[in-house]
Amino acid sequence: MRKEIGVHTFGDLLQYFPFRYVDRTKIDKIASLSGNEDFVQIRGRIIRMDVVGENRGKRLVATLKDESGTIDLVWFQGWQWMQKSLRENVGYLVFGRISVFNGIPQLAHPEMDLLTEELATGKQFLEPVYYTTEKLKARGLTAKAIGKLTKTLLEQLSPLEIRENIPVGILQQYRLMLRSTAYFKIHQPGNEEEAQLAQRRLKFEELFIAQIRICRLKIKRHKQSHGYIFRAVGESFNDFYNNHLPFSLTGAQKRVLKEIRMDTVHGRQMNRLLQGDVGSGKTMVALLAMLLAMDNGFQACLMAPTEILAQQHFKGLSELLQHMPVGIAILTGSIKGKARKKILEGVADGSIHFLVGTHAVLEKGVAFRNLGLAIVDEQHRFGVAQRARLWEKNDIPPHILVMTATPIPRTLAMTIYGDLDVSVIDEMPPGRKPITTVHRTEYQRPQVMDFIKEEVKKGRQAYIVYPLIEESEKLDYENLMKGYEEVKAFFPEPHYYISMVHGRQPAEMRETNMQRFVSGDTNIMVATTVIEVGVNVPNASVMVIESTERFGLSQLHQLRGRVGRGAEQSFCILLTGNKLGQVSKERINVMVQTNNGFIISEKDMELRGPGDIEGTRQSGILDFKLADILNDKAILDAARASAEKILEEDTDLMLPENQALNDFLAAQRSKSQWSKIS
Ligand code: ADP
Ligand code: MG
């Protein structure tokens with residue numbers, strides 16, 4: 001039971017909630033079954049049993065009769081055992097999924113319960129159904145057995161042993177069931193409504209406790225953390241702003257800069273998440289913040305998830321800063337030996353003001369003279385632990401800005417980034433034409449190729465993207481190569497040049513091919529998703545995505561964001577097979593209909609479930625037993641609001657009415673420490 005379903009103690013068993021209930025009071029009449037029902041429950045006697053069929057098709061067919069008619073119950077597996085245990089002419093309560101065979105409704109492998117008095121009189125209303133596994137079933141721990149165990153446990157438990165942990169005021173405000181009642185009622189509800197109220201209470205509790213913890217982290221940081229003070233907006237910032245800024249900032253960019261400025265004047269550490277759709281201009285905000293750090297005598301670093309991106313940032317920033325006395329360098333894993341040593345020296349003596357790089361920047365040997373600001377680009381997977389590593393090195397931690405173009409649904413952000421302050425760039429630089437997105441199937445491939453040709457003739461560039469190559473996925477690799485050959489046949493040298501980039505290439509080769517496309521030496525880039533984030537080629541106007549159905553929505557949105565960066569009208573062509581499933585169709589429609597990353601992320605969560613949104617799966621943050629942040633948004637909002645209100649009035653939870661909550665949190669903490677020790 002431990003390994004299989006994670007139940008170790010009585011407490012765990014109590015929290016092993018049923019995933020649905022069977023209403024034992026709703027009985028269907030056999031004659032009224034049409035076959036369109038999902039699950040049905042009927043009551044009757046078995047009037048005959050036969051074994052029919054030959055060899056592997058052998059099965060047991062039992063005919064059940066109620067006052068309205070008869071229906072066949074069928075067992076294909078384990079029928080010998082069923083034949084022995086079923087009895088004719090006694091009452092059964094039968095529950096199962098209905099199927100239609102030769103036009104006649106029947107029940108295959110239904111659940112059979114002898115009709116006890118309790119069941120017959122409808123005294124037992126809702127029966128909880130617990131999840132179990134085949135292994136456990138084999139050892140007798142069927143869903144029913146788990147139910148029995150739980151029932152016995154509840155019978156021996158006094159409600160006093162389940163202490164309330166939500167302050168009374170909140171219980172009243174949201175009309176929540178008492179904790180002890182809820183535990184009893186979720187396992188043994190009298191009716192549907194009780195079951196729902198119990199669930200609502202326990203969901204609220206889960207979310208509320210999580211929010212209390214997250215908000216406490218944030219308050220603690222706001223109140224107690226030390227941070228460097230960037231007092232002045234100085235010469236570098238002003239010089240750049242007035243003389244080298246190539247465009248005027250959007251209102252949103254200005255607002256975010258102000259927020260960063262406010263964060264850095266109080267002597268507390270900034271911990272800010274900057275969300276902005278692809279192409280919204282986060283890099284410029286980053287640069288201006290770095291200049292602010294420099295004006296106050298500090299160094300700054302900018303980290304990107306890949307070498308290509310780091311290179312691009314380095315090149316872009318170097319160009320922008322070329323007329324200014326700023327020391328800027330790049331550090332990645334591939335920079336070794338003398339070159340690396342020289343950079344480390346510059347970082348240590350402070351002659352390098354800005355260090356751009358990959359995670360190599362976080363390595364042990366890298367010691368800054370005085371790092372005041374760390375910016376993490378395109379990395380929403382950069383979790384709490386990694387953020388913490390950034391300030392291990394200093395007594396006072398640097399200010400931190402995490403930038404992401406992967407829009408995160410609001411509820412998810414609240415849960416994952418609840419301890420961060422959030423800024424949003426919700427405005428695009430002026431003059432962008434919205435990207436036109438279309439869906440095309442395999443039949444239309446020739447027209448798609450012709451279209452690319454026309455665009456290339458106009459001097460534009462195009463991407464053709466294939467699903468990711470995993471080291472092991474031979475098939476993907478073959479597809480990519482086949483695609484490459486096809487494209488090459490259609491776009492022959494010397495009229496056209498093609499770059500190919502994928503994860504199996506040596507980094508240098510990838511880099512060279514990438515650069516050739518960036519500089520315009522090649523017209524077409526055939527690639528896997530390695531180009532997903534950040535790459536900036538304003539002249540590229542066509543993005544063709546192969547096997548679109550294999551990509552996640554957020555990923556598609558990221559890919560699409562690679563075009564539409566210049567003044568030209570850009571196009572995104574979603575290629576799929578000729579036949580598509582319902583969900584695939586829906587997803588493609590979302591992409592065709594909107595360019596708004598936030599709407600797409602909400603839809604993505606709806607279609608895939610929050611556990612599948614990139615980066616959240618391993619975080620453990622979404623490990624709720626009952627709550628589901630997609631369907632329980634309203635409860636989450638209420639839990640968040642209550643948590644904020646309570647902590648605002650009583651940060652340390654010292655008031656008598658918050659005593660129980662405080663005790664609960666302390667007990668949970670010591671429990672989790674205990675589990676680490678054992
Ligand atoms: P992202 O937010 O996706 O990182 P970038 O910072 O790469 O976006 O910016 C995308 C493009 O928009 C760049 O070419 C950048 O120079 C340009 N850009 C950024 N801000 C503005 C602005 N206020 N006005 C015009 N162009 C801008
Ligand atoms: Mg960017």
Side-chain angles (χ1 to χ4, degrees), residues 240-242 244-260 272-291 301-322 330 354 356-358 375-382 401-408 422-435 461 463 514 517-520 530-541 543 554-568 570 572 595-598 600-601:
F240 182 81
Y241 199 92
N242 297 325
H244 306 294
L245 191 66
F247 36 68
S248 28
L249 296 184
T250 62
Q253 284 170 318
K254 283 186 194 159
R255 193 187 60 234
V256 173
L257 261 176
K258 249 185 226 153
E259 285 166 350
I260 292 172
R272 189 165 279 281
L273 173 71
L274 172 54
Q275 284 198 65
D277 218 336
V278 272
S280 62
K282 294 184 290 296
T283 317
M284 191 48 76
V285 172
L287 173 56
L288 287 163
M290 290 165 89
L291 288 165
C301 72
L302 171 61
M303 279 175 286
T306 64
E307 183 129 5
I308 293 176
L309 259 184
Q311 289 284 359
Q312 206 165 54
H313 272 319
F314 176 64
K315 210 169 140 242
L317 296 192
S318 301
E319 263 164 37
L320 285 164
L321 297 171
Q322 60 185 320
I330 178 164
F354 296 168
V356 179
T358 54
I375 301 178
V376 185
D377 189 25
E378 300 292 3
Q379 190 61 303
H380 55 293
R381 270 155 280 195
F382 206 77
L401 183 68
V402 179
M403 308 198 293
T404 177
T406 307
I408 304 163
V422 179
S423 291
V424 180
I425 301 188
D426 50 6
E427 180 187 356
M428 284 290 181
R432 296 275 170 83
K433 292 200 182 76
I435 301 162
Q461 289 164 284
Y463 295 96
M514 193 74 221
F517 188 70
V518 173
S519 62
V530 291
I531 60 143
E532 190 181 332
V533 278
V535 177
N536 192 23
V537 183
N539 187 49
S541 65
M543 166 64 66
S554 296
Q555 212 177 9
L556 289 174
H557 183 62
Q558 282 285 330
L559 286 169
R560 178 167 60 183
R562 296 307 108 215
V563 295
R565 305 190 141 233
E568 303 304 332
S570 291
C572 175
N595 270 313
N596 182 319
F598 282 95
I600 290 172
S601 75

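Values in this document were obtained by computation on a predicted structure and should not be read as measured data. We count ligands from 1, going down the list as the structure has it; atoms in each ligand are counted the same way.
- A donor-acceptor pair under 3.5 Å links the side-chain atoms of R255 to the main chain of V424, judged by distance alone.
- Rounded to the nearest 0.5 angstrom, L302 CG and H313 NE2 are separated by 5.0 Å.
- Taking a 4.0 Å cut-off on heavy atoms, G276 fails to register as neighbouring ligand 1.
- With ligand atoms numbered from 1 in the order given, ligand 1 contributes 19 (C), 20 (N), 22 (C), 23 (N) to contacts under 4.0 Å with heavy atoms of Q253.
- Evaluated by nearest non-hydrogen atom to atom 17 (C) of ligand 1, the leading choice among R565, R432, H313 is R432.
- Considering backbone and side-chain atoms together, L249 places no N or O closer than 3.5 Å to any N or O of ligand 1.
- Legend: residues meeting salt bridge (charged side-chain N to carboxylate O under 4.0 Å, His left out) with R272, ordered by chain and number and at least two apart, are E259, D263.
- Within the 3.5 Å criterion, the main-chain N or O of G251 finds a donor-acceptor partner in the side chain of E427.
- Within ligand 1, the atoms closer than 4.0 Å to a non-hydrogen atom of T283 are 4 (O), 5 (P), 6 (O), 7 (O), numbered from 1 in the order shown.
- Close contacts between ligand 1 and T250 involve ligand atoms 23 (N) [criterion: under 4.0 Å to a heavy atom].
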Going through the checks in order, is the side-chain contact (heavy atoms from CB on, under 4.5 Å) test met by Y241 and L291? CA-CA 10 Å; Y241 199 92; L291 288 165; over 6 Å; no
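- Between atom OG1 of residue T358 and atom CG of residue D377 there is a gap of 13.0 Å, rounded to the nearest 0.5 Å.
- Look at S248 and you'll find a heavy atom under 4.0 Å from some atom of ligand 1.
- No N or O atom of P429 sits closer than 3.5 Å to an N or O atom of ligand 1.
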